[in-house]
Amino acid sequence: MDFHTAMDAVGKAVDIAGVAAIVIGAAVATLQAAAALARRRGGDTYGTYRRRLGRSILLGLELLVAADIIRTVAVAPTFDSVGVLALIVLIRTFLSFSLELEITGRWPWQKPPAEQRAEGTRALIPPS
């Protein structure tokens, strides 16, 4: 097996992982939301469902971008393929930023609110 064939296979495997992350994440988020609705548990089932679904889409998009980079750079690095890759990465990056804003309510480069940072720090500190 030569290098190009191996990199193409790796790119396809990462593509499959990206699609699987989206599909499995969507299925798990849907099942968890359905279970919460069936139990008639109060709370923000819709918001939780959207966050879980958004996270699975974000993970899938990251994997799909990685697969595109692997195949374009390692397999066929022509100016045309790099231009198409740049456009794909631009669109997927915009989607990722939009989803991040939708999920967390802030841009990826913004710090979380102080109370969330404090809760995250407390969770890391073992009880004495």
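Predicted, not measured: the structure shown is a model, and the values here were computed from it.
For Leu85 against Ile69, the heavy-atom pair with the smallest separation is CD1-N, 3.9 Å. Taking both residues in full, the closest heavy atoms of Ser56 and Ile22 are given as O-CG1, 3.8 Å, listed atom of the first, atom of the second, then distance. Across all non-hydrogen atoms, the minimal contact from Ala33 to Tyr49 is CB-CD1, 3.6 Å. Pairing each heavy atom of Gly11 with each of Ala67, the nearest pair is O-CB, 3.3 Å.
Note: Thr48 OG1 to Gln32 CD = 9.5 Å, rounded to the nearest 0.5 Å. For the atom pair Arg71 CZ and His4 NE2, the distance stands at 14.5 Å (nearest 0.5 Å). Taken to the nearest 0.5 Å, the CG atom of Leu53 stands 8.5 Å off from the CG atom of Leu99. For the atom pair Arg52 CZ and Leu31 CG, the distance stands at 11.0 Å (nearest 0.5 Å).
One hydrophobic cluster holds both Val10 and Phe3 under the rule that ILVMFWY side chains link at heavy-atom gaps under 4.5 Å. A chain of hydrophobic side-chain contacts below 4.5 Å, direct or via other Ile, Leu, Val, Met, Phe, Trp or Tyr residues, connects Ile91 to Leu58. Hydrophobic cluster membership is shared by Leu63 and Met7, with clusters built from Ile, Leu, Val, Met, Phe, Trp and Tyr side chains linked at under 4.5 angstrom.
The side-chain heavy atoms of Asp15 and Leu64, taken from C-beta on, include a pair separated by under 4.5 Å. In this structure, the side chains of Ile70 and Val14 come closer than 4.5 Å at one or more pairs of heavy atoms. The closest side-chain heavy-atom distance from Asp80 to Val84 is not below 4.5 Å. For the pair Leu61/Leu95, a side-chain contact is recorded, criterion being any heavy-atom separation below 4.5 Å from C-beta on.
With hydrogens and angles disregarded, no donor-acceptor distance shorter than 3.5 Å links the side chain of Arg92 to the backbone of Glu62.
At a cut-off of 3.5 Å, with distance as the only test, no side-chain donor of Thr5 or Asp8 sits close to an acceptor on the other residue.
Atom CD1 of Ile24 has 12 or fewer heavy atoms from other residues, nucleotides or ligands within 6.0 Å.
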